Trainee: 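After the structure tokens below, expect a handful of questions from me.
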Amino acid sequence: MDAALTKRNQSFRLSVDLIDRLKLMAKRQNRSLNNFVETLLLDVAYNEPNAETLAAMEEARSGNLRDVPEIDTSSVEAMVKSMGL
């Protein structure tokens, strides 16, 4: 059997609220709870952002976005207009 397909049972203690939320999210995607949680964990464990993405994330967190005009959030209409839409 391929090592990548070998699976093992593992037990975790999670809050009832979290389990209920995960079940709801899995149901919305027509997936089993197991498949949904495994996919989330695979995403977290194996998808690391590259250097360019990390730099963009840091730039966004800092609030110093370059080459981006200020967005007016005083109203929806003002925001749309300031975004050039």
Side-chain angles (χ1 to χ4, degrees):
M1 180 179 266
D2 185 358
L5 298 177
T6 303
K7 295 189 179 190
R8 174 176 53 184
N9 284 333
Q10 184 63 52
S11 179
F12 292 95
R13 294 174 57 88
L14 302 172
S15 74
V16 173
D17 290 342
L18 177 58
I19 292 170
D20 290 344
R21 175 78 173 143
L22 290 169
K23 284 180 179 179
L24 178 66
M25 294 171 74
K27 186 175 183 174
R28 287 182 186 156
Q29 294 184 16
N30 288 328
R31 296 163 62 188
S32 69
L33 176 62
N34 186 79
N35 175 265
F36 183 75
V37 171
E38 183 178 19
T39 303
L40 290 175
L41 293 173
L42 285 168
D43 223 21
V44 169
Y46 293 104
N47 289 331
E48 295 183 26
N50 63 25
E52 183 177 357
T53 302
L54 288 171
M57 291 165 61
E58 182 56 37
E59 183 180 31
R61 282 189 196 110
S62 73
N64 298 324
L65 298 175
R66 61 180 174 208
D67 303 326
V68 177
E70 192 72 28
I71 295 178
D72 182 354
T73 58
S74 62
S75 69
V76 173
E77 293 80 12
M79 183 178 74
V80 170
K81 184 177 179 182
S82 68
M83 293 171 63
L85 302 175

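Bear in mind that the values here come from a model prediction, so they are computed numbers and not experimental data.
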Trainee: Which atom pair, heavy atoms only, marks the closest approach of Pro49 to Thr53?
Mentor: CB-CG2, 3.7 Å
Trainee: Drop me the distance from Leu14's CG to Asp20's CG, to the nearest 0.5 angstrom.
Mentor: 11.0 Å
Trainee: Could you tell me whether the side chains of Asp72 and Ser74 share a donor-acceptor contact shorter than 3.5 Å?
Mentor: yes
Trainee: Are Met25 and Leu40 packed together at the side-chain level, in the sense that at least one heavy-atom pair is separated by less than 4.5 angstrom?
Mentor: no
Trainee: Is there a path from Leu41 to Phe36 through hydrophobic residues (I, L, V, M, F, W, Y) whose side chains come within less than 4.5 Å of each other?
Mentor: yes
Trainee: Using 0.5 Å steps for rounding, measure from the CG atom of Leu42 to the CG atom of Asn35.
Mentor: 9.5 Å
Trainee: Give the minimum heavy-atom separation between Thr39 and Arg31, together with the two atoms involved.
Mentor: OG1-NH2, 2.7 Å
Trainee: To the nearest 0.5 Å, what is the distance between CD on Glu38 and OG on Ser32?
Mentor: 8.5 Å
Trainee: Would a single hydrophobic cluster contain both Phe12 and Leu33, if residues Ile, Leu, Val, Met, Phe, Trp and Tyr are joined by side-chain heavy-atom contacts under 4.5 Å?
Mentor: yes
Trainee: Using 0.5 Å steps for rounding, measure from the CG atom of Asp17 to the CG atom of Leu22.
Mentor: 11.0 Å
Trainee: Around atom CD of Glu48, are there more than 12 heavy atoms of other residues, nucleotides or ligands at under 6.0 Å?
Mentor: no
Trainee: Atom CG in Leu18, atom NZ in Lys23: separation rounded to 0.5 Å?
Mentor: 11.0 Å
Trainee: Nearest heavy-atom pair of Ala78 and Ser75: which atoms, and what distance?
Mentor: N-OG, 3.1 Å
